[in-house]
Amino acid sequence: MKKIIPLLLLTFLFTSLKKDSDQSSGKLTQLVNPFIGTGGHGHTFPGAVVPFGMVQLSPDTRTQGWDACGGYYTDDTSILGFSHRHISGAGMTDFADVLFTPFTGKLKIQNDTLQTYYPLKFSHKNETAKPGYYKVAFDNGIKAELTASIRAGFHKYQFPAGESGIIVDLHHNLHNQKVLESSIEIVSNTEIRGMRLTEGWSKRDYVYFYAKFDKPFSVKLYKQNKEISGNKLNDENVKAVLTFANPKEVKAKVGISPVDEKGALNNLNSEIKDWDFEKVRTLADNSWEQQLQKIKVEGGTQDQQTIFYSGMYHAFIHPSTYSDADKRYRGQDLKIHTLAKGTYYTVFSLWDTFRAQMPLVDLIQPSKTNEFINSLLLKYQQGGLLPMWDLAANYTGTMIGAHATSVIADAYTKNIRGYDTELAYKAMKRSIPYDTTGVKVNHPAIWEWLMTKGKQYNQEMGFIPADKDVIFATSRGLEYAYCDWALAQVAKDMGKTEDYKWLSERGSRYKKYFDKETGFMRALDSNGKFIGPFNPSYSNHMNSPYCEGNAWQWTWFVPQDVTGLMNLMGGKIPFEKNLDALFNTKAEVEGDEASADISGLIGQYAHGNEPSHHIIYFYNYIDKGYKTQELADKIMREQYRNAPDGLSGNEDCGQMSSWYILNALGFYQVTPGDPTYTISRPLFDKATIALENGKKLVVKALNNNSKNKYVASVSLNGKLLKKPFFKHSDIVNGGELVFKMTDKKQ
């Protein structure tokens with residue numbers, strides 16, 4: 001015992017010192033918790049990814065149901081395997097390509113299936129996730145570690161003694177996804193390659209892969225779970241079982257590509273040249289560290305800093321790289337093209353991200369904004385229209401509005417113009433009227449209800465009649481008005497006077513939906529009359545004039561003309577009264593979306609979904625900023641937590657987190673297309689934003705604590721702000737934004 005005690009003491013001291021060293025290293029990646037959002041309905045995943053990477057190598061724990069969208073759900077205690085692509089925080093399922101499942105023991109086929117090997121039991125206490133890295137120890141003795149580069153994944157498995165192996169499953173898919181075609185070819189006893197084509201949310205999604213292993217394997221190929229001889233297999237249900245004799249440890253490197261197997265191999269060879277797993281893991285960590293260092297915060301609690309940097313992490317997973325290392329990519333016409341320069345991207349959740357995630361990128365990384373816009377313009381050139389929700393070179397037709405327009409218009413008004421502005425204007429204008437002539441849509445049915453009717457009626461009648469086009473008619477009319485207004489700002493700057501007049505009129509059409517008698521935006525019939533009976537709390541998915549919301553939330557979607565909305569309501573006093581009613585009316589929603597898309601309720605305000613995200617700042621327009629500050633403080637404190645269920649709704653490709661980031665800094669852009677920020681409630685004592693031009697914007701909050709949540713005054717570069725607004729041009733070259741906080745309502 002005398003010898004054991006010092007040994008235990010040394011072990012304890014070493015562990016403690018290592019932990020302290022990690023925390024005192026100053027690395028911001030130590031503050032990221034990738035498990036935030038993997039519970040509740042956040043739909044995030046904990047696996048390995050680098051900023052804006054093509055590969056998202058992560059465990060899949062389920063394939064069915066709404067909470068399978070990210071592949072992983074924290075309530076699950078078994079893992080099906082590790083697939084190479086995932087979507088962070090979406091409300092629909094797709095990807096989950098090329099599943100690797102380790103197994104131990106001699107392979108046995110039961111009931112003509114390999115599935116008996118797939119639920120690998122584990123405990124969350126034996127699981128670790130950090131930016132660019134994931135590790136789990138299974139109950140059966142297998143240990144798995146994952147890391148990634150931009151276009152390749154790196155697996156490391158440790159096995160118990162005896163025969164073990166890896167099942168490579170190309171039939172694995174998520175809810176509503178179908179494998180149309182797949183193939184596996186054995187290149188050598190250490191290399192395999194293949195492809196798969198799926199139909200799901202993206203109607204034609206091509207994925208090619210090339211995998212290398214550091215140890216030789218024996219192999220069996222399976223078609224429809226029946227063993228087939230040969231070294232190449234084509235079918236919609238194919239698997240390869242790779243067996244290693246007493247391997248102890250096996251490493252696998254997997255390059256993927258949307259183009260071909262040659263591209264997958266080149267991506268792998270370009271990005272992971274050797275078998276040094278720790279080197280790749282370190283590079284992944286460093287890439288995240290560089291991204292996180294763009295904003296450094298001081299003060300706040302440990303949990304608040306973790307929520308902030310986990311938000312930064314989630315904000316920069318998408319859009320995702322979709323061009324190979326050799327610049328080839330699959331375009332919106334599904335043909336192969338080659339970039340002249342830069343990177344091509346996909347996964348544009350524009351209905352969500354135009355609100356905060358894209359403005360956040362504009363602020364700290366405008367060169368990335370330019371790359372995103374150039375990708376969108378290529379999609380327009382090759383497909384015929386700007387996408388609404390672009391996924392793997394597919395027009396999905398998901399969601400509403402024309403928010404590629406608002407994203408580009410917002411960048412333009414901020415003088416972010418590293419793209420062909422005339423081409424951009426032409427592309428945006430094409431998305432305004434009903435015009436699908438010559439559009440190369442790879443699945444035409446997506447236009448039948450979502451694009452065609454609504455825009456046609458809006459073009460011909462000046463509004464969208466809900467008796468002719470019931471699906472989201474009012475919400476679409478409001479969003480078209482905002483997007484038309486956004487384009488009008490570009491037209492004005494470019495001297496396109498007639499277009500400006502035309503678009504400005506269209507931007508004011510929100511007024512047609514407002515019912516002065518009830519005080520809500522309502523559905524209209526073909527004669528322009530309001531449709532009854534009316535219940536502002538009611539929402540019914542796909543059978544409602546409101547999209548993922550109800551009249552309480554959608555009445556406030558007029559970010560382009562707050563004064564105009566105020567006038568419709570009768571001025572500042574009734575405007576404030578109606579705002580107060582939104583936040584204080586009993587938090588009940590009627591219809592089939594009550595527990596899904598309408599979540600994070602404060603009264604009838606729903607922070608868990610995007611249509612509400614700008615509303616709390618409307619108090620700033622009527623000199624009642626303290627109410628904005630109270631609500632911002634309440635939302636950040638109650639609806640964001642350092643826990644798997646720490647988000648009140650879907651992460652939505654970075655939007656939910658970007659809202660938190662900007663508010664924690666103390667400001668928010670209500671209207672993309674108008675480069676104006678308004679004041680929120682800063683969470684941290686100090687934040688230093690490293691702008692891409694080398695300048696720094698420093699945000700200070702004096703006398704800041706949990707009680708002092710109100711803003712007494714704000715100064716920008718030494719000048720006191722008379723109103724709670726400032727311009728993007730005021731901070732684009734850095735400076736100092738100073739808040740003086742108080743516990744008194746101002």
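No experiment lies behind these values; they were computed from the predicted model shown.
In this structure, His43 has its ring center at least 6.0 angstrom away from the ring center of His86. In this structure, the ring of His607 has its center less than 6.0 angstrom from the ring center of Tyr640. Ring centroids of Phe52 and His318 are separated by 6.0 Å or more, keeping the two rings apart.
In Gln290, the CD atom is not crowded: 12 or fewer heavy atoms of neighbouring residues, nucleotides or ligands sit closer than 6.0 Å. Sparse packing is recorded around NZ of Lys279, with 12 or fewer heavy atoms of other residues, nucleotides or ligands lying under 6.0 Å away. Heavy atoms from other residues, nucleotides or ligands lying under 6.0 Å from NZ of Lys496 number more than 12.
Under a cutoff of 6.0 Å and an axis angle of 45°, Arg196 and Tyr206 do not form a cation-pi pair. With Tyr133 as the aromatic partner, Arg281 meets the cation-pi criteria of under 6.0 angstrom to the ring centre and within 45 degrees of the ring axis.
For the ring-ring contact (aromatic ring centres under 6.0 Å, His included) criterion with His614, the lone passing option out of Tyr482, Phe557, Tyr668 is Phe557. Applying ring-ring contact (aromatic ring centres under 6.0 Å, His included) to His84 and the options Phe100, Phe95, Phe209 leaves one that passes, Phe100.
Ring-plane geometry between Trp288 and Tyr313 is classed as tilted, the angle between the planes lying from 30 to 60 degrees on a 0 to 90 degree scale. Ring geometry for Tyr72 against Phe35 counts as tilted: the plane angle lies between 30° and 60°, on a 0 to 90° scale. Note on ring orientation: taking the six-membered ring where Trp is involved, the planes of Trp659 and Tyr617 are tilted (angle from 30° to 60°).
Residues passing the side-chain hydrogen bond (donor to acceptor under 3.5 Å, both in side chains) test with Thr198, sequence neighbours excluded: none. Here Tyr345 pairs with Lys368, Glu371 under the side-chain hydrogen bond (donor to acceptor under 3.5 Å, both in side chains) rule; sequence neighbours left out. With sequence neighbours excluded, no residue forms a side-chain hydrogen bond (donor to acceptor under 3.5 Å, both in side chains) with Arg330.
Salt-bridge formation is detected for the pair Glu261/Arg193: a Lys NZ or Arg NE/NH1/NH2 atom is positioned less than 4.0 Å from an Asp or Glu carboxylate oxygen. In summary, Asp493 and Arg417 engage in a salt bridge, as defined by a charged side-chain N under 4.0 Å from a carboxylate O. Under a 4.0 Å N-O distance rule, the pair Glu199/Lys178 does not qualify as a salt bridge. In this structure, Asp499 pairs ionically with Lys429, as a charged nitrogen and a carboxylate oxygen lie closer than 4.0 Å. Under 4.0 Å is where a charged nitrogen must lie from a carboxylate oxygen, and between Arg328 and Asp326 at least one such pair does.
Atoms CG and CD, on Asp674 and Gln669 in that order, are 7.0 Å from each other to the nearest 0.5 Å. Rounded to the nearest 0.5 Å, atoms CD1 (Ile408) and NE2 (His403) are 13.0 Å apart. To the nearest 0.5 Å, atoms CG (Leu391) and CG (Asp205) are separated by 6.5 Å.
In this model, no donor atom of one side chain and acceptor atom of the other lie less than 3.5 Å apart for Asp652 and Ser349. Counted by atom type alone, Asp60 and His172 present one or more donor-acceptor pairs between their side chains at under 3.5 Å. For the residue pair Thr93 / Asn176, no side-chain donor-acceptor distance below 3.5 Å is found, with atom types taken as modelled. Between the side chains of Thr688 and Lys696, not a single donor N or O lies within less than 3.5 Å of an accepting N or O.
The two atoms that bring Phe354 and Pro672 nearest to each other are O-CG, 3.3 Å, heavy atoms only.
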